[in-house]
Structure formats: C-alpha cells, structure tokens
Amino acid sequence: MHLHHTTPATEDEAIARQLTLRERVSHEDSGPAPGAPATVAGVDVAYDDERGIVAAAAVTLDARTLEVRERATATGPVAFPYRPGLLAYRELPAVLDALGRLATPPDLVVCDGYGTAHPRRFGLAAHLGVLTGLPAIGVAKNPFTFRHRPPGPERGAWSPLVDAEDPQEADGPADAHGTERAFHGEEVGRALRTQPGVKPVYVSTGHRVSLPTACAHVLNLARRYRLPETTRAADQLCRAALKAATAHPGGASQR
DNA sequence: GCGACAG
DNA sequence: ATCTTGTCGC
C-alpha cells in the first residue's frame, strides 16, 4: 500500500484539492461492524518544530480484545504549516508512510481530529479514507468551531455537533434571541461521552462509516479512558519515535 | 479589521 | 501540537 502524496504549493491549491477529493467520500457503512472481529488502527503524529521534523505512528489493535497487533512509525520533514482546515496536508504524508509500513492493512482507521466536521466537510479522517480507500473515522479532543449541548453524564450519552455558521432552515420567525439558533445547524458529528462525568470527545465520520456506527466504534475502543485505545497507543508511539529521531539523527531516518 | 481556530 | 511539577482525587 504505497501512496504518493504531493504537497500543495499554496493554500488555494490545497482547498481546491479538498473540494475535488471530497466527492469520493462515502458515508455508507461498508466497513466492519462495531465489536465484530476486525483490526482497528490508530494513527497520530508528533512534531519537533525546532528541527522541522514530524514523526507518525500507526498501531493496529484487535477490535475485540484491544490487544496490540502491530506497530509502525515513519519520520520525515514537516511538509506543510498548521492551518485550521488544512491539517491533512501537514499530517497525512507521514501518517500514510507509517500506515504503509504495516504488514497488514487495518479494517478501520481512527484519526486524531475531524472528518466531516470541517469547514468544507473534508477533514483529516475523510481525506485519509479517500486516499487509502480504508474505512476511517475522526475523534477530536475539542469542538473546533462547532457547537453542541452538553451530553448526559453517563457513558454513551451524546449530543449533535452542529455547524452554527450554517444558515440552515429558517424555523419560524426570526427569534430575537439567537441563542437557540446556534444549535440548529447541520449535524456534522457528535459530542460523545465515553466515560461517566468526563469531558466528551468529538466524533465525526471519515469514509465508509456512518455517524452512529462511528460512535459505536469509539465506545467500543474507549472502555477505560476518555480516548480510544487506538489513539492512546498511537500517541505514545509517535512521541517515542520523535524522541528516537531527535536522539539519533540519521540512525533509522526515513526520507 | 478583529477574533476564532482539529493537531 | 508544544512548553511543564506537583498535586488533588478515586
């Protein structure tokens, strides 16, 4: 699974590419069912801005036991600056490299960040899904520019994540108090409570997975902590890979 | 113009 | 993302 990914020269080009690629996204469930026998990979990246280095990790887990099946890392130069809405161009080159080093492709990929919940409905998880063809979902730690009501306190509770900027339907006469209106936009994801009384995570679809299914996968992967085990494992590994790359420049360096 | 802004 | 010790709590 070797995928080449050229870096856009400008932000305009990056945006234009998102608008083209997003037409290939599928929101239908064609991936593994939550809790079914399958492998799920977590991917994440860590940066050393001083040296302009990025380290990525891909960790495959057994979806039922959550045991680690395989780990892979990749390091390289930072190819794109951080820009809200264009995160994929900064993270994907290294992430795709790490994914490609796995002996066996996963049945589902869990990304750090958003998928459909994005200004152009094409965040990191959707981008990765389209490029790899793999089912993918996004799990973010904060609501970005979106709004939501607080979910109930119990594990599994959720509330719609909506794009308040979206001038959706005009329900009734213009309410003088636009407060309620802020929650009436398009549902782009869900604020999902994975642990009782703990801050929710923000789930959105990426590719080949529906929103309800994406949430079920996240709950299945977050049995003990707020974040899915896939995210925790990948986060830990990419940080270790970054330290190794910083400590032994050239050692196991990769492009 | 100002503020907000996944990682 | 990253800079960073101890500390309060289950």
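Below, chains carry the letters A, B, ... as their sequence lines are ordered, and counting in each starts from 1.
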Open item on the list: Whole angstroms only, please: what is the OH-C1' distance between A:Tyr47 and C:dC3?
Closed with: 17 Å
Task: Gap between atoms CZ and P, on A:Arg83 and B:dA4 respectively (whole Å) - done: 18 Å
Task: Value in whole Å for how far the P atom of B:dA6 lies from NZ of A:Lys199 - done: 11 Å
Open item on the list: Over all strands shown, is A:Gly138 touching base, sugar-phosphate only, or nothing at heavy-atom distances under 4.0 angstrom?
Closed with: nothing
TODO: Select base, sugar-phosphate, or nothing to describe what A:Ala117 touches, counting heavy atoms under 4.0 Å on all strands.
DONE: nothing
Task: Nearest-nucleotide pick for A:Phe144, side chain only, options being B:dG7, B:dC5, C:dT2 - done: B:dC5
Task: Length of the line joining A:Asn142:CG and B:dC5:C1', which is rounded to integer Å - done: 9 Å
Task: Side chain of A:Thr145 (C-beta onward), nearest among B:dC5, C:dA1, B:dG7 - done: B:dC5
- [ ] Take the protein atom CZ of A:Arg232 and the nucleotide atom P of B:dG7, then report the distance between them rounded to whole Å.
- [x] 16 Å
TODO: Mind jotting down which residue pairs meet the ring pair (Phe, Tyr, Trp, His ring centres under 6.0 Å) criterion with at least one end in residues 200-226 of chain A? Sequence neighbours excluded, please.
DONE: A:His148-A:Tyr202
Task: side-chain hydrogen bond (donor to acceptor under 3.5 Å, both in side chains) partner of A:Arg69, the single match among A:Thr39, A:Thr104, A:Asp62 - done: A:Asp62
TODO: Describe the nucleic acid contact of A:Tyr82 in one word from base, sugar-phosphate, nothing, applying a heavy-atom distance below 4.0 Å.
DONE: base
Task: Charged N-O contact under 4.0 Å between A:Asp44 and A:Arg71 - done: no
Task: Rounded distance in Å - CG (A:Leu242) to P (C:dA1) - done: 12 Å
Open item on the list: Looking at A:Arg64 and A:Glu67, is any side-chain nitrogen of the basic one under 4.0 Å from a carboxylate oxygen of the acidic one?
Closed with: no
- [ ] Consider the side chain of A:Asp112, meaning its heavy atoms from C-beta on, and name the nucleotide among B:dA6, B:dG7, C:dT2 that approaches it most closely.
- [x] B:dG7
Open item on the list: Regarding A:Leu86, tell me which of base, sugar-phosphate or nothing describes its non-hydrogen contacts under 4.0 Å with the strands shown.
Closed with: base
Task: Atom NZ of A:Lys199: over 12 foreign heavy atoms under 6.0 Å - done: yes
Task: Proximal nucleotide (of C:dA1, B:dA6, B:dG7) relative to the A:Glu91 side chain - done: B:dG7
Open item on the list: Salt bridge check, A:Arg193 against A:Glu154: does any charged N sit closer than 4.0 Å to a carboxylate O?
Closed with: no
- [ ] For A:Asp49, answer base if it contacts any base atom (sugar-phosphate contacts may also be present), sugar-phosphate if it contacts only those atoms, and nothing otherwise; contact means non-hydrogen atoms under 4.0 Å.
- [x] nothing
Open item on the list: Strictly below 4.0 Å: does A:Lys141 bring a side-chain N or O up to OP1 or OP2 of B:dG7?
Closed with: yes
- [ ] Could you tell me whether the phosphate oxygens of C:dA1, OP1 or OP2, come under 4.0 Å of any side-chain nitrogen or oxygen in A:Arg90?
- [x] no
TODO: Using atom OH of A:Tyr89 as one end and atom C1' of B:dA6 as the other, report the distance to the nearest whole Å.
DONE: 15 Å
- [ ] Identify whether the distance between the nearest side-chain nitrogen and carboxylate oxygen of A:Arg224 and A:Glu229 falls below 4.0 Å.
- [x] no
Task: Protein-nucleotide distance (A:Ile53, atom CD1; C:dT2, atom P), rounded to Å - done: 13 Å
Open item on the list: Please give the stem ranges for DNA chain C, sorted by first residue number, where a stem is three or more consecutive Watson-Crick or G-U pairs and both donor-acceptor distances are under 3.5 Å.
Closed with: none
TODO: Before giving the answer on ring-ring contact (aromatic ring centres under 6.0 Å, His included), spell out for A:His118 and A:Phe144 the whole-Å C-alpha distance, their side-chain angles and the decisive distance to 0.1 Å.
DONE: CA-CA 9 Å; A:His118 177 274; A:Phe144 197 12; 7.4 Å; no
